[in-house]
2 protein chains.
Amino acid sequence: MKTLKSAGPELLMLEKTAEMKTNQWVYQLLRTNLLCGKIAPGIPLTIRGLAEVLGVSPMPVREALHRLACEGAVEAKNNRRVIVPMMTAEKFSELCELRILLEAHAAEKALPFIREQDIANLERIDTLVDQAVEQGDVESASLHNQDFHRSLYSANPYQIVVPLIESLWLQLGPFSRIAISKLEKIYIVDRHAEAIEALKQQNSFGLRRAIEADIRDGIASIKTVEGIHNYFQGVA
Amino acid sequence: MKTLKSAGPELLMLEKTAEMKTNQWVYQLLRTNLLCGKIAPGIPLTIRGLAEVLGVSPMPVREALHRLACEGAVEAKNNRRVIVPMMTAEKFSELCELRILLEAHAAEKALPFIREQDIANLERIDTLVDQAVEQGDVESASLHNQDFHRSLYSANPYQIVVPLIESLWLQLGPFSRIAISKLEKIYIVDRHAEAIEALKQQNSFGLRRAIEADIRDGIASIKTVEGIHNYFQGVA
DNA sequence: ATCTAATATTTGTGATCACAATATTCTATC
DNA sequence: GATAGAATATTGTGATCACAAATATTAGAT
């Protein structure tokens, strides 16, 4: 049986800062690795195995795995095995549709709360995305892109939808990264710029369109990736 | 300070069946009590306190509370206190909008997968709702109503959206119950019947409309409840 | 050599303990 | 009497252990 331990410590490590609690560190670390696709679908994740690799007690790992299962990032089988779920074409399609549905709604709901400083902040983040893409820093680009979306939606103080959206991102796993990495720079800049322009004009419909297009561009770019089909049906 | 323990063991108890694991029992019990509104907003929930009331070790309670926090049913403050979140008018409104958005989508996506036996099953569940409402059994009516919606959406085997919807129900907490309890019987029957009729005719648009109307009816009925404003802003 | 049964290992869960951080209560001072 | 500070109690977290269930491995029989 192939396990994570036998597959080698292929985990991307995050350094644990002092003020950070262990459970948060483990959670963030596993979350990041799942989003990167570092942990292949089908490989069983065990509490003790991960605890040993990370050098912590099983307790924080237990907690993090439960939370990730709750968010849909990992799947708790009834054999009481925890694995990274397989991706299927249908599941991928449904996740993308839900992203568009929820993020367009979230953007529209955030619009009335957007102040000048929020727009300035979004422009700053967009610059960071731009720079990261230019430098080919996929990790940063993906991170800042998510930050752009989250910052926009979070302008609405009555927040229900952002956690739901983040759950979708988690379930999309490595695909959100792939989208960013393969995307021509101009696309991202365009869509984000369009969104910012719509914000300035208080143009609700334009904002929806910009966000929807941003997501669709990402999806379209994924389909151009060579050998992307290997990511489906669990073939790592 | 008013705590759960000092407030008395006002918890609605579920009996723990043998094949049920302790953590599931605790989770279901707390979940049910939150949906009933048995636990008032603002009251701090402590691991040890609940463990003592339930007669279990702190460990399953710790797990259940973390999961409920992840689902938005309880709120983990940074003081590391866990409380039932307050309901505000804006939050309530946003939750209802998201319910309509997601459930209409879910219904539409389920439609192509609906078989004859699914329709028969939905009709059976609807009868149960009907009976429960007739007998004034709010608990059963609420349960069967949720079952109706969940069964409909779950016909789609590529399920992403149902957990998101269930999270919304949890965050709406006691309100979903109130809606059922105060609703004139005829309304529910009508909307569910409309939905079933649309299913039979493979009428996607009609199905959306029926589901949306069903949810809106519930919301409308809530607003007629005497003293409903006490449920907002945390006044228990 | 292959299939089955028994053994051994691994795994998740639940319980208990230690500890640091937070909250609460008590006390001294003005 | 009110307020600030100290002492006390409570809480969540992390670690370790015991145990039952599930898996993996081995032994035996045909």
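Each chain gets a letter, A, B and so on, in the order its sequence line appears, and its residues count up from 1. Treat the numbers as computed from the prediction; the structure is a model and nothing was measured.
When rounded to the nearest whole Å, the span between CD of B:E52 and P of C:dG14 equals 19 Å. Atom P of nucleotide D:dG14 and atom CD1 of B:I47 are separated by 11 Å, given to the nearest angstrom. Atom CG of B:N79 is separated from atom P of C:dA20 by 21 Å (rounded to the nearest Å). Here the P atom of nucleotide D:dG14 and the CE atom of A:M20 are 12 Å apart, to the nearest Å. If you measure from atom CZ of B:R48 to atom C1' of C:dA23, you get 14 Å, rounded to the nearest angstrom.
Evaluation of atom-type donor-acceptor distances gives no pair under 3.5 Å for the side chain of A:R81 against the base of D:dA22. If you check distances only, the side chain of A:R80 does reach the base of C:dT11 with a donor-acceptor pair under 3.5 Å.
Taking the six-membered ring where tryptophan is involved, the planes of A:F175 and A:F92 are tilted, since the angle between them lies from 30° to 60°.
For A:E97, the side-chain hydrogen bond (donor to acceptor under 3.5 Å, both in side chains) test picks out B:K109, with sequence neighbours left out. Looking at residues two or more places apart in sequence or on another chain, you find a salt bridge (Lys or Arg N to Asp or Glu O under 4.0 Å) between B:E123 and B:K200.
The distance from atom NE2 of A:H149 to atom CG of A:D214, rounded to the nearest 0.5 Å, is 4.0 Å.
Where B:V82 and A:G55 meet DNA chain D, the nucleotide closest to each residue was compared, and B:V82 sits on the side nearer the 5' end.
For residues 150-166 of chain B, the salt bridge (charged side-chain N to carboxylate O under 4.0 Å, His left out) pairs, not counting sequence neighbours, are B:R31-B:E166, B:R150-B:E166.
Between A:E75 and A:R81 there is no salt bridge, since no side-chain N of the basic residue sits under 4.0 Å from a carboxylate O of the acidic one.
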For residues 17-26 of chain A, which side-chain N or O atoms pair as donor and acceptor with protein atoms under 3.5 Å away, sequence neighbours left out?
{"unit_1": "A:T22", "atom_1": "OG1", "unit_2": "A:K16", "atom_2": "NZ", "d": "3.2"}
{"unit_1": "A:N23", "atom_1": "ND2", "unit_2": "A:E63", "atom_2": "OE2", "d": "3.0"}
{"unit_1": "A:W25", "atom_1": "NE1", "unit_2": "A:L14", "atom_2": "O", "d": "2.8"}

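The backbone N or O of A:L101 sits nowhere less than 3.5 Å from a side-chain atom of A:H105 that would complete a donor-acceptor pair. Side chain of A:D147 to backbone of A:L143: no donor-acceptor contact under 3.5 angstrom is found.
Of all the residues in residues 21-31 of chain A, not one reaches under 4.0 Å from DNA chain C with any non-hydrogen atom. Across residues 56-77 of chain B, B:M59, B:R62, B:H66 each have a non-hydrogen atom less than 4.0 Å from an atom of DNA chain D (numbered order).
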